[in-house]
Every structure is written in structure tokens, then in C-alpha cells.
Amino acid sequence: MFRPKIPTMPTPTGHVSPPAVVEPTTIVPAAQTPPPAPVAQAPARPTVQLTPGTALALVGGGTAVVLVVGAVLVSMLLAVAITGASLAICALVIRSLVNADANRR
């Protein structure tokens, strides 16, 4: 029951072709040709030119991203702080209720 069952390899069905025979070929050296002269290629993509307008747009976009990320991080920090303060107040209230109940008995 606990022994693994090893599957047997199924036999191939259909037409089985014999392996192809590869015959070695001889290498015949070709006539020596001079290497082609290097040709100057045009750049694959145009270069980016920063004009004052595009630079201003980049600075404005970067500033907007920084402000949005900063606002999100500050709001997350504020949410954590409010949650911690409310848990501390709940703990104090529960502790005072338990102590008051123990003092009455």
C-alpha cells in the first residue's frame, strides 16, 4: 500500500522511422576575400532634445508624483497613529472596568 507505483514506459504506436545517418563532409576552403569596408549606420532611434518647455513639463510631472506619493504616505502614517491611539484608549477603558469590578467584590 505504501510502495510507490512506477509507471511503465508505453510502447510507441504508429510508424517508427529509423534514425537518419549523417555522413561527414569535407571542408573546402574558399578564396580569401577582403573584409567589407565599415559603413556608418544611421542611429536606430532619434536623440531626445530637451527644450525649455519639455524640461518644465518633466519638472512639473516629477513634482506632482512626489506630492501624490507624499500625501499617500502621510495618510497611511496618520491612519496607523489613529489606530494605535484608539487601541490604547480601549485598553485603558477595559483595564479600569476590570479594576473597578474587582474592587467592588
Any pair with a residue in residues 77-88 that passes side-chain hydrogen bond (donor to acceptor under 3.5 Å, both in side chains), sequence neighbours left out, goes on the list, sorted by first then second residue, please.
->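 Residue pairs with at least one partner in residues 77-88: there are none.
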
Name all pairs fulfilling the side-chain hydrogen bond (donor to acceptor under 3.5 Å, both in side chains) condition that reach into residues 52-61, sequence neighbours left out, sorted by first residue then second.
->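 Every side-chain hydrogen bond (donor to acceptor under 3.5 Å, both in side chains) pair that includes a residue of residues 52-61, provided the two are not neighbours, is T51-T54.
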
How does the hydrophobic cluster around [X] look, that is, which other residues are in it when side-chain heavy atoms under 4.5 Å mark a link?
| X | value |
| --- | --- |
| V98 | I94 |
| L50 | L58 |
| L78 | I82 |

Considering residues at least two apart in sequence or located in another chain, which fulfil the side chain to side chain donor-acceptor pair (under 3.5 Å) criterion with S96?
->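 Side chain to side chain donor-acceptor pair (under 3.5 Å) list for S96, sorted by chain: empty.
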
For residues 60-67, dump all side-chain donor-acceptor pairs below 3.5 Å to protein atoms at least two apart in sequence or in another chain.
residue: T63; atom: OG1; partner: V59; partner atom: O; Å: 2.8

